[in-house]
Participant: 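Handing you this structure, nothing more for now.
Every number for a ligand or one of its atoms is a count from 1 in the order of the listing. Bear in mind the structure is a predicted one, so any value in this text is a computation, not a measurement.
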Amino acid sequence: MAATVTTASGATWQEVAADRQKHRDATIAAIAPPLPEITDTPLNTIPLAKKYLTAEEIKITESYVEDLVVQLANGAISSTIVIKAFLRRAALAQKATNCITELLPQRALDRAAFLDKYLADHKKPIGPLHGIPISVKEHVGMKGLDLNAGFVAWVGTVAEEDAHILQILWRAGAVFYARTTQPQSLMHLETSSNLYGVTTNPFNSTLTSGGSSGGEGALLGFRGSCLGIGTDIGGSIRSPAANNGVYGMKPTSGRLPMGGMSATMLGAEHIVPAVGPLSTSLKGCKLFIKTLIDNKPWSKEPSLLPFPWKSEDFFQGRKLKVAVLWDDGVVKPHPPVTRALKQVVEKLKKSGNVDVVEWKPFQHDIAWEIIASLYFCDGGGEEKAATDASSEPLRPLTRHIIHDNPHMEHHTIASMWTATKRRDKYRADYNAVWNETATSVGPNGEFEGTVDVILSPVGPSAAPKIDTAKWWGYTSQWNLLDYPALIFPVDKVDVEKDGEKVKYEPRNEKDRYNWDLWEKFGAEGYKDAPISLQFVGRRYEDEKVIQALEIVKKEVALPFVEYI
Ligand SMILES: *[C@@H]1O[C@H](CO)[C@@H](O)[C@H](O)[C@H]1NC(C)=O
Ligand SMILES: *[C@@H]1O[C@H](CO)[C@@H](O)[C@H](O)[C@H]1NC(C)=O
């Protein structure tokens with residue numbers, strides 16, 4: 001239903017926000033059976049599920065996509081039961097983390113009933129995602145529903161049709177049941193807006209769920225979803241996946257359908273966003289991407305690349321070669337991140353089946369300068385117009401990325417060409433650096449091939465404290481290069497293991513800001529936060545990156561801890 005309380009119809013931004021929250025609360029209250037008022041929310045909210053949900057609901061919502069797909073297709077479990085369970089856990093996730101913009105109980109239950117009947121009538125599933133619940137970041141348009149992209153003034157805009165990605169997933173059998181929060185402007189690595197406030201991390205409410213797909217991140221971390229849709233132009237799928245201990249993939253741009261989303265900077269071609277999955281399993285991510293590509297999205301969206309899913313074995317008996325980026329040379333990661341990297345590297349080396357080498361960061365400071373000068377090419381004009389239209393104040397991280405960004409430029413066409421040439425030169429240089437990793441070694445001088453994937457931190461800390469996620473470099477680096485990047489959970493912050501004082505003299509202002517946070521809060525302040533890492537491949541090697549993680553997961557039991 002379209003919002004009627006809007007700034008266009010004369011309401012203040014506070015009234016619009018209050019009305020959107022009222023609408024959200026009404027959709028939560030419509031969940032059957034209803035959840036009680038929750039007043040005793042602990043900092044780590046995960047135990048709430050066991051307290052308020054049934055054993056069956058817990059079992060269903062903690063199942064992986066690959067298991068649900070089988071049970072739903074053979075009728076062992078009905079789509080209706082699955083959706084009811086996820087609706088209840090999503091409602092609880094809202095109470096725990098503030099991650100929902102609206103639940104869609106009526107639509108979802110109607111759809112589930114249709115799918116259950118379809119299976120009974122046809123004795124086969126409707127498609128590869130028959131009955132799978134998928135949660136969706138708000139700015140992905142859903143027919144007939146509001147579409148605000150985090151701006152108060154945009155409330156009242158209604159999507160005329162489902163986004164292209166939703167159309168394909170729908171045909172494959174998906175059930176959309178939850179829409180999730182995003183930050184003002186979509187350009188934060190956290191999730192904070194004037195419409196809904198702050199989305200917090202389910203493992204510690206003093207920490208951020210990440211962003212901009214932070215509603216997705218918190219919902220998946222809480223297990224109110226097993227598969228969700230995020231978007232990423234600087235880390236927006238990967239930071240929330242990492243902060244909440246789930247898998248997430250930013251594919252190379254131009255592979256998955258982007259049509260029908262709302263955002264500023266649409267039409268920009270020099271830095272292109274990507275849509276992708278967050279999931280509690282790697283197989284969930286893979287099934288999502290493969291299903292979309294198998295449906296040839298390029299036939300409807302000509303800006304996409306007409307590459308079928310590559311199902312070949314990229315290694316064919318040879319060893320996977322991983323290069324480790326310990327530190328990007330700009331902002332040093334906090335000790336827990338380095339510990340997780342060390343442990344993965346040690347285990348890989350011990351396995352003997354994976355080659356591990358070092359990756360020297362190549363001018364990641366310059367990379368940030370370039371990408372930061374290519375966001376907001378109109379000098380932030382579109383964002384300014386969108387916020388001015390409602391007089392909503394700027395959230396701290398909107399201010400950080402637009403106003404406190406020394407590299408931002410109000411471009412002329414000529415200056416944009418110059419910046420884009422600089423981007424291309426950097427891409428070529430990085431490619432050359434990657435090629436130089438090819439070695440000709442061994443007794444007979446045999447060729448060893450280049451590095452396959454880079455193993456990198458996802459950010460300079462585990463889930464940051466609210467309003468402190470300021471360094472994007474560990475994720476935006478791969479947007480600038482347009483490399484596919486896959487997040488996987490490894491460990492969590494542990495006071496015993498991470499508590500030791502480390503002496504370090506920061507090398508620049510950004511580094512100092514990040515290190516001071518560690519000095520101030522220490523392991524206790526980040527306690528229980530998931531620690532995740534990132535695999536990065538070369539452009540269009542999405543399938544290879546996934547296979548690389550499959551190989552590593554065979555060698556090393558990941559994650560090292562259970563989160564739930
Ligand atoms: C760089 O490496 C790629 C992938 O191995 C290869 O296809 C390409 O020919 C190499 N380019 C140069 C200039 O060496
Ligand atoms: C969460 O953060 C607070 C504040 O830094 C800290 O005291 C607490 O130990 C952390 N973890 C949990 C589970 O409470």
Participant: One pair to check against side-chain hydrogen bond (donor to acceptor under 3.5 Å, both in side chains): Thr181 and Thr191. What are the steps and the verdict?
Facilitator: CA-CA 7 Å; Thr181 52; Thr191 295; 5.2 Å; no
Participant: Tabulate distances under 3.5 Å between N/O atoms of ligand 2 and N/O atoms of the protein, writing both atom names on each line.
Facilitator:
{"residue": "ligand 2", "atom": "2 (O)", "partner": "Asn204", "partner atom": "OD1", "Å": "3.2"}
{"residue": "ligand 2", "atom": "2 (O)", "partner": "Asn204", "partner atom": "ND2", "Å": "2.6"}
{"residue": "ligand 2", "atom": "2 (O)", "partner": "Thr206", "partner atom": "OG1", "Å": "3.1"}
{"residue": "ligand 2", "atom": "5 (O)", "partner": "Lys465", "partner atom": "NZ", "Å": "2.8"}
{"residue": "ligand 2", "atom": "9 (O)", "partner": "Glu524", "partner atom": "O", "Å": "3.4"}
{"residue": "ligand 2", "atom": "9 (O)", "partner": "Glu524", "partner atom": "OE2", "Å": "2.6"}
{"residue": "ligand 2", "atom": "11 (N)", "partner": "Asn204", "partner atom": "ND2", "Å": "2.8"}

Participant: Any salt bridge between Arg179 and Glu102, counting N to O under 4.0 Å?
Facilitator: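 Looking at Arg179 and Glu102, the cut-off is met.
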Participant: So, are Asp511 and Arg507 salt-bridged, with charged N and O less than 4.0 Å apart?
Facilitator: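 Judged by the 4.0 Å cut-off on N to carboxylate O distance, Asp511 and Arg507 do form a salt bridge.
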Participant: Under a 3.5 Å cutoff, is there a donor and acceptor pairing between the side chains of Lys137 and Ser213?
Facilitator: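 A donor-acceptor contact under 3.5 Å links the two side chains.
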Participant: Looking at Lys465 and Glu190, what are the two nearest heavy atoms and their distance?
Facilitator: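 Residues Lys465 and Glu190, closest heavy atoms: O-OE2, 3.5 Å.
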Participant: Just jot down the side chain to side chain contact (heavy atoms under 4.5 Å, CB included) partners of Lys95, sequence neighbours excluded, or say none.
Facilitator: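 Counting only residues at least two positions away or on another chain, Lys95 forms a side chain to side chain contact (heavy atoms under 4.5 Å, CB included) with Ile28, Leu35, Glu37, Ile38.
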